[in-house]
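Scope of the values below: all heavy atoms of this structure, side chains included, with no hydrogens, waters or symmetry mates.
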Amino acid sequence: TPEQLHHVGILRQSFKDKPESVLQFHIYTCDQWKGSPTETDEMDPQWFGVGAIPYGNMWKDDIHWYPLMMNDNRFEGDLHFTDDDNMEWFDIREVDSFSYLDAATP
């Protein structure tokens, strides 16, 4: 159970093959918790050193924003996929405050 969450990012994800679908993700970090991470249907928690993160086994966009998250930088951005597995472009930038909190979904 997280004891303290830090809101570090907001990403919007769109799909060329599903133009009506725009997803918005809020990314949080946590450095204090109670208990132990537990496996879910979507994730089996594992620990990796920073230089050993298995980006090749992760979602295609993770390699572009994980370093920002791990350095405690705030960021927001847009990710556009041609389908569920292929990213066409991305625009991720560091921010002082989140403009996406006030912006309408495109």
Side-chain angles (χ1 to χ4, degrees):
T1 305
E3 291 190 337
Q4 190 173 24
L5 293 175
H6 308 283
H7 194 198
V8 297
I10 302 175
L11 295 173
R12 292 190 298 196
Q13 186 176 40
S14 58
F15 302 88
K16 189 174 191 174
D17 65 337
K18 295 180 251 179
E20 71 284 355
S21 295
V22 176
L23 306 175
Q24 182 167 292
F25 300 89
H26 290 255
I27 295 105
Y28 294 84
T29 60
C30 175
D31 52 16
Q32 296 178 7
W33 61 88
K34 288 183 181 176
S36 299
T38 305
E39 183 175 352
T40 67
D41 290 340
E42 188 171 318
M43 182 195 62
D44 178 14
Q46 299 177 41
W47 299 106
F48 297 94
V50 172
I53 296 172
Y55 290 115
N57 299 333
M58 298 165 62
W59 296 106
K60 302 292 186 219
D61 57 283
D62 292 350
I63 195 168
H64 302 291
W65 60 267
Y66 260 57
L68 294 169
M69 175 187 67
M70 290 184 293
N71 286 318
D72 294 324
N73 296 319
R74 293 179 119 198
F75 59 92
E76 62 185 21
D78 294 284
L79 315 162
H80 186 72
F81 286 75
T82 55
D83 55 40
D84 286 343
D85 297 318
N86 297 294
M87 188 166 53
E88 186 173 41
W89 58 265
F90 67 93
D91 176 27
I92 300 172
R93 59 214 158 270
E94 290 185 48
V95 296
D96 292 324
S97 62
F98 296 118
S99 64
Y100 285 174
L101 291 176
D102 299 322
T105 303

J.: Where the side chain of Glu76 meets the backbone of Ser99, is there a donor-acceptor pair that is under 3.5 Å apart?
T.: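 Present.
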J.: Quick check: do Leu79 and Met87 have side-chain heavy atoms less than 4.5 Å from each other?
T.: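 Counting from C-beta outward, Leu79 and Met87 do come under 4.5 Å.
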J.: Partners of Thr40 by side-chain contact (heavy atoms from CB on, under 4.5 Å), sequence neighbours excluded?
T.: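 So Thr40 forms a side-chain contact (heavy atoms from CB on, under 4.5 Å) with Glu42, Met43.
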J.: List for me each residue that meets ring-ring contact (aromatic ring centres under 6.0 Å, His included) alongside His80, sequence neighbours excluded, and say none if there are none.
T.: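 His80 satisfies ring-ring contact (aromatic ring centres under 6.0 Å, His included) with Trp89 only.
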J.: Measure the shortest side-chain to side-chain distance between Asp72 and His6 over non-hydrogen atoms and say whether it is less than 4.5 angstrom.
T.: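 Side chain of Asp72 against side chain of His6, heavy atoms only: no contact under 4.5 Å found.
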J.: Measure the spacing between CG of Asp78 and CG of Asp61 and express it to the nearest 0.5 Å.
T.: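 These two atoms lie 11.5 Å from each other.
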J.: Going by ring-ring contact (aromatic ring centres under 6.0 Å, His included), name the residues that satisfy it together with Phe90, two or more places apart in sequence or in a different chain.
T.: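 Once residues adjacent in sequence are excluded, the partners of Phe90 under the ring-ring contact (aromatic ring centres under 6.0 Å, His included) criterion are His64.
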J.: For Leu5 and Cys30, which heavy atoms make the closest approach, and how far apart are they?
T.: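 It is CD2-CB, 3.9 Å.
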J.: Should Asn73 and Val8 count as side-chain neighbours, where that means a heavy-atom distance under 4.5 Å?
T.: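 They are not in contact (no side-chain heavy atoms under 4.5 Å apart), so the answer is no.
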J.: What salt bridge (charged side-chain N to carboxylate O under 4.0 Å, His left out) pairs are there with at least one residue in residues 16-41, not counting sequence neighbours?
T.: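 Checked against salt bridge (charged side-chain N to carboxylate O under 4.0 Å, His left out) - neighbours excluded - the pairs reaching residues 16-41 are Glu3-Lys34, Lys16-Glu88, Lys18-Asp84.
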J.: Quick check for you: to the nearest 0.5 Å, what is the distance between Gln46 atom CD and Ile53 atom CD1?
T.: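 So the gap between those two atoms works out to 12.5 Å.
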J.: Taking Arg74 for its side chain and Asp96 for its backbone only, find out whether a donor-acceptor pair lies under 3.5 Å.
T.: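 The answer is yes, because a donor-acceptor pair under 3.5 Å joins these two groups.
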J.: Show the nearest heavy-atom pair for residues Pro67 and Ile63, with the distance to one decimal.
T.: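 So the two residues come closest at CD-O, 3.3 Å.
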J.: Just verifying a value: how many Å separate Arg12 CZ and Gln24 CD, rounded to the nearest 0.5 Å?
T.: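 If I round to the nearest 0.5 Å, the distance is 6.5 Å.
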J.: Does some side-chain heavy atom of Phe75 sit less than 4.5 Å from a side-chain heavy atom of Met69?
T.: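 Of all side-chain heavy-atom pairs linking Phe75 with Met69, at least one is under 4.5 Å.
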J.: Can you list everything that forms a side-chain hydrogen bond (donor to acceptor under 3.5 Å, both in side chains) with Asp83? Sequence neighbours excluded, please.
T.: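 side-chain hydrogen bond (donor to acceptor under 3.5 Å, both in side chains) check on Asp83 returns Asn86.
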J.: Please report the C-alpha distance between Asp91 and Arg93 in whole Å, then the side-chain angles of each, then the deciding distance to 0.1 Å, and finally whether the salt bridge (charged side-chain N to carboxylate O under 4.0 Å, His left out) criterion is met.
T.: CA-CA 7 Å; Asp91 176 27; Arg93 59 214 158 270; 3.0 Å; yes
J.: Is there a side-chain contact between Val22 and Phe15 (heavy atoms, below 4.5 Å)?
T.: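 Counting from C-beta outward, Val22 and Phe15 never come under 4.5 Å.
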J.: With the 4.5 Å side-chain cut-off for hydrophobic clustering, are Trp59 and Tyr66 part of the same group?
T.: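 No, Trp59 and Tyr66 fall in different hydrophobic clusters.
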J.: For residues 28-56, which residue pairs qualify under ring pair (Phe, Tyr, Trp, His ring centres under 6.0 Å), counting only residues two or more places apart or in two chains?
T.: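 Non-adjacent pairs meeting ring pair (Phe, Tyr, Trp, His ring centres under 6.0 Å): His7-Tyr28.
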J.: Going by heavy atoms in the side chains, are Leu68 and Ile92 under 4.5 Å from each other?
T.: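 In short, these two side chains touch, coming nearer than 4.5 Å.
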J.: Can you tell me how far CH2 of Trp65 sits from CD1 of Ile10, rounded to the nearest 0.5 angstrom?
T.: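 CH2 of Trp65 is found 12.5 Å from CD1 of Ile10.
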